[in-house]
Structure formats: C-alpha cells, structure tokens
Amino acid sequence: MKKAKRIPSSTPSPAVQVIDVTLDYILGKTVVNALRGIRLEIDQGEFISIMGPSGSGKSTLMHLIGCLDTPTSGSLLLEGEDVSKLNESELAHIRNRKIGFVFQQFNLLTKMTILENVMTPLMYAGIPLKERRARAAELLDRVGLSDRLRHRPAELSGGQRQRVAIARALVQRPSIILADEPTGALDTDTGRTILGLFEQINAEGKTVIVVTHDPEVGSFCRRSIHLRDGLLEE
C-alpha cells in the first residue's frame with residue numbers, strides 16, 4: 001500500500017485542507033456539480049459545524065472529508081496527508097486511523113450487545129480480545145452506559161443508542177470526529193446532552209466536525225461554515 005503524500009510544514013498542519021475541490025456525479029444523463037471549487041481549512045482541535053439546506057453539498061463535503069469519496073479535481077489533505085488520489089483500500093486505512101463517524105440513525109448492529117458494537121472496529125484492526133473489551137467498556141462507562149453493556153440496541157432509548165455510537169466512534173482513538181446530523185433523530189433535551197458530549201471530546205483536543213441543517217446545533221459549535229449550491233457562502 002502506498003502512503004499518502006505528506007506536505008512538509010514547520011508548523012502543525014490543519015486537520016482538514018480542502019483546496020479548490022470540485023465533485024461531479026452522473027444522475028441519469030445529467031452531470032451534477034455537487035461541489036464547485038471549495039476552499040476550506042479546519043484547524044486541529046476545532047469544533048465546527050458545516051451547515052446548509054438540502055442539496056447544498058454539505059453531505060458531499062462530509063463524504064470527502066470522511067474519505068468515503070474522492071474529488072473530481074482539487075486536493076484534500078487530512079493533517080497534512082494528501083488523500084485526494086488514494087484508492088479505496090488506502091482510503092479505508094486513513095479512515096481507520098484518523099476518523100470516527102457518528103450517524104443520525106446510529107448504524108448499530110442489532111443482534112450484538114452494545115459492548116460488542118463498540119468492540120467491533122477494534123476486531124477489524126487486529127486488537128486482541130482482552131484489550132478490545134477493556135477499551136469498549138471504558139468508553140461506555142464514560143458515556144454513562146456501564147450498566148447496559150449486555151443490552152442490545154433495541155433495548156435502549158434513542159439518546160442511549162447515540163451515546164453508544166459516540167463510544168464506537170472513539171474506540172480507535174481517532175483525531176477527527178465526523179458527525180452527520182447527530183441530533184436529528186433525538187428530542188431537544190437529549191440532543192443537547194449529545195452536543196455536550198461532543199464539547200467534552202473537543203476539550204480533549206479532538207477535531208469535531210458536525211454536519212447539520214439545524215441552526216441550534218450550528219450555534220452550539222464554535223465556528224460554522226455555510227454551503228449553498230455547492231459553494232461556500234461568505
């Protein structure tokens with residue numbers, strides 16, 4: 001596997017650098033310009049929201065930052081590593097090292113206990129069972145679910161399932177947390193609790209990027225950027 005190219009620098013690299021990025025995709029016989037020349041920097045340790053209406057390009061940008069897609073043109077750097085031209089297996093390696101994902105619909109495995117759900121990413125990383133169990137249990141204790149380790153997702157509330165998803169996102173100790181509408185399926189009070197967890201995670205030095213259309217969620221973050229029609233709004 002070739003390594004992503006690292007851009008030399010005498011100072012710490014930004015967590016994310018998006019340089020003149022475009023992304024086009026085919027919809028039937030139409031070419032859709034989902035992103036149209038985006039330039040963006042997110043510093044390490046920022047707590048930032050990416051906002052915009054449906055169709056603005058925020059989900060497309062999230063997929064790029066999360067190494068789930070590659071740009072049509074331009075460059076994307078994560079902590080100084082140019083990941084723009086990597087193949088799928090190389091992108092998967094970057095995802096596993098750098099990024100923890102939290103999704104609106106939790107994406108938990110329904111037949112597994114919550115302890116097993118949080119342990120699963122470590123299994124694919126080749127971590128021994130004893131360490132997998134210890135790290136997962138420690139994180140579930142941190143999010144207030146130490147008394148639910150043997151419960152399955154269907155036995156938990158929405159807020160509890162989202163806390164499991166956050167523990168799973170942290171278990172590989174990534175430096176970037178990418179959350180896609182993380183409060184969208186939750187009531188207001190539970191959503192604020194989840195945002196408080198992200199605030200704690202950010203206080204420990206992790207970069208937290210929240211993709212949302214909700215102004216209240218956006219205002220909770222320390223900086224917001226807005227997209228419309230594939231472009232950053234001033």
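Bear in mind the structure is a predicted one, so any value in this text is a computation, not a measurement.
The minimum heavy-atom distance between Arg39 and Leu232, with the atom names listed, is O-CD1, 3.0 Å. The two residues Ile127 and Arg132 have their closest heavy-atom pair at O-NH1, 2.7 Å. Closest of all the heavy-atom pairs between Ser49 and Ser224 is OG-OG, 2.5 Å.
Taking the salt bridge (Lys or Arg N to Asp or Glu O under 4.0 Å) definition, one finds that Glu46 meets it with Arg223, sequence neighbours left out. The side-chain contact (heavy atoms from CB on, under 4.5 Å) test applied to Ser157 returns Gln160, not counting sequence neighbours.
Checking side-chain atoms of Asn96 against main-chain N and O of Ala92 turns up a donor-acceptor pair under 3.5 Å. Judged purely by atom type and a 3.5 angstrom limit, Asp180 has no side-chain atom pairing as donor or acceptor with the backbone of Gln104. Between the side chain of Lys58 and the main chain of Thr212, no donor-acceptor pair closer than 3.5 Å is present. For Asp187 (side chain) and Thr190 (main-chain N/O), a donor-acceptor pair under 3.5 Å exists by modelled atom type. The main-chain N or O of Glu233 is never found under 3.5 Å from a side-chain atom of Arg228 such that the two would form a donor-acceptor pair.
For the atom pair CG of Leu78 and OG of Ser175, the computed distance is 8.5 Å after rounding to the nearest 0.5 Å. Taking CG from Leu91 and CG from Leu68, the interatomic distance works out to 8.5 Å, rounded to the nearest 0.5 Å. Between the CG atom in Leu76 and the CG atom in Leu64 there is a gap of 6.5 Å [rounded to 0.5 Å]. To the nearest 0.5 Å, atoms CG (Leu86) and OG1 (Thr70) are separated by 9.0 Å. The structure places CD of Glu138 at 10.5 Å from CD of Glu131, a figure rounded to the nearest 0.5 Å.
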Worked check of side-chain hydrogen bond (donor to acceptor under 3.5 Å, both in side chains) between Asn202 and Arg222: CA-CA 10 Å; Asn202 173 249; Arg222 295 197 172 89; 2.5 Å; yes
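The residues Arg148 and Glu155 are annotated as not salt-bridged, no charged nitrogen and carboxylate oxygen being separated by less than 4.0 angstrom. Salt-bridge annotation for Arg97 and Glu81: present, with a side-chain N of the basic residue lying under 4.0 Å from a carboxylate O of the acidic one.
Each ring pair (Phe, Tyr, Trp, His ring centres under 6.0 Å) pair with one or both residues in residues 182-224, not counting sequence neighbours, would appear here, but there are none.
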